[in-house]
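Excluded from the calculations below are hydrogen atoms, water molecules and symmetry mates; all remaining heavy atoms, backbone and side chain alike, are included.
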Amino acid sequence: SQKIEQNSEALNIQEGKTATLTCNYTNYSPAYLQWYRQDPGRGPVFLLLIRENEKEKRKERLKVTFDTTLKQSLFHITASQPADSATYLCALPYSSASKIIFGSGTRLSIRP
Amino acid sequence: NAGVTQTPKFQVLKTGQSMTLQCAQDMNHEYMSWYRQDPGMGLRLIHYSVGAGITDQGEVPNGYNVSRSTTEDFPLRLLSAAPSQTSVYFCASSGGEAPTEGEQFFGPGTRLTVL
């Protein structure tokens, strides 16, 4: 079965630094991978989608890479701010676009 | 657009009771899914649907039933609640077409406690 692994430990970094989160997957070759943000007590919110033929994608201060050989995606937040503190989840389609499975998420804390 | 709505927001059940969690979306999305989220476990897919009348099992379907009689609604039924079903339940929908295929819109969640 498909397995998605994210840093289980919380990531604490200083404001202004770049935060880098990792998502690894096994036993599958997804056509794309997604990243979501989740704040406490709320549902996840979609951030970015990167396809298997894209090496990198950017959106404002966010950058995502996708290495299909390593079966890994990296999620970067540059010039991090305390407002970026949240849990970040990666997700991918398992067998079809209608069946999306998630990693366990990484909690990111940005200290002023 | 209200997006994805879920009711109730909170529910407490006794072991063995049954109930239905409601989910509705007004975006005319074909795909809808139910997830449960437990501490440290991330989101786990319970059931999903690719359109009215079509449903399938996800990663953790046991103890849950779903039906999809309309595009808008996707209720989740707990037949006989167990303490292991204590969790936060999220409903999600997506349009399923490029370039945003699979981008899921989530409801606010239902926090369920089974005593």
*Let me know if B/L45 has heavy atoms under 4.5 Å from chain A in its side chain, its backbone, both or neither.*
side chain

*Intermediate values then yes/no, side chain to side chain contact (heavy atoms under 4.5 Å, CB included), A/I4 and A/C23*: CA-CA 7 Å; A/I4 306 174; A/C23 175; 3.6 Å; yes

_Pair A/Q72, A/N24: side-chain N/O donor-acceptor within cut-off below 3.5 Å_ = yes

*With chain A as the partner chain, list the residues of residues 62-70 of chain B whose heavy atoms fall under 4.5 Å from it, by residue number, and write 'none' if nothing qualifies.*
none

*Which atom of B/T15 lies closest to which atom of B/L115, heavy atoms considered*: OG1-O, 2.6 Å

_Quiz question: by atom type and distance under 3.5 Å, do the side chains of B/S94 and B/H29 form a donor-acceptor pair?_
no

*Which heavy atom of B/D26 sits nearest a heavy atom of B/G3, and at what distance?*
OD1-N, 3.0 Å

*Taking every non-hydrogen atom, the tightest pair across B/A81 and B/L78*: CB-CD2, 4.5 Å

_Least distance between heavy atoms, A/S80 atom then A/K17 atom_ = OG-O, 2.7 Å

*Run the ring-centre check on B/H47 versus B/F74 and record whether the distance is less than 6.0 Å.*
no

*asked:* Tell me which of these, A/G43, A/S104, A/P44, A/G41, has more heavy-atom pairs under 4.5 Å with chain B than the rest.
replied: A/P44

*Contact origin within B/Y35 toward chain A - heavy atom pairs under 4.5 Å*: side chain

*Using a heavy-atom distance cut-off of less than 4.5 Å, which residues of residues 81-90 of chain A contact chain B?*
A/L89

_If I measure from the heavy atoms of chain A, does B/Q6 come under 4.5 Å with its side chain, its backbone, both, or neither?_
neither

*Quick one: do A/W35 and A/I110 end up in the same hydrophobic cluster if we chain Ile, Leu, Val, Met, Phe, Trp and Tyr together by side-chain heavy atoms under 4.5 Å apart?*
yes

_Any side-chain donor near an acceptor of the partner, A/Y36 and A/Q38, under 3.5 Å_ = no

_Please determine whether a side-chain nitrogen of the Lys or Arg among A/R58 and A/E56 lies less than 4.0 Å from a carboxylate oxygen of the Asp or Glu._
yes

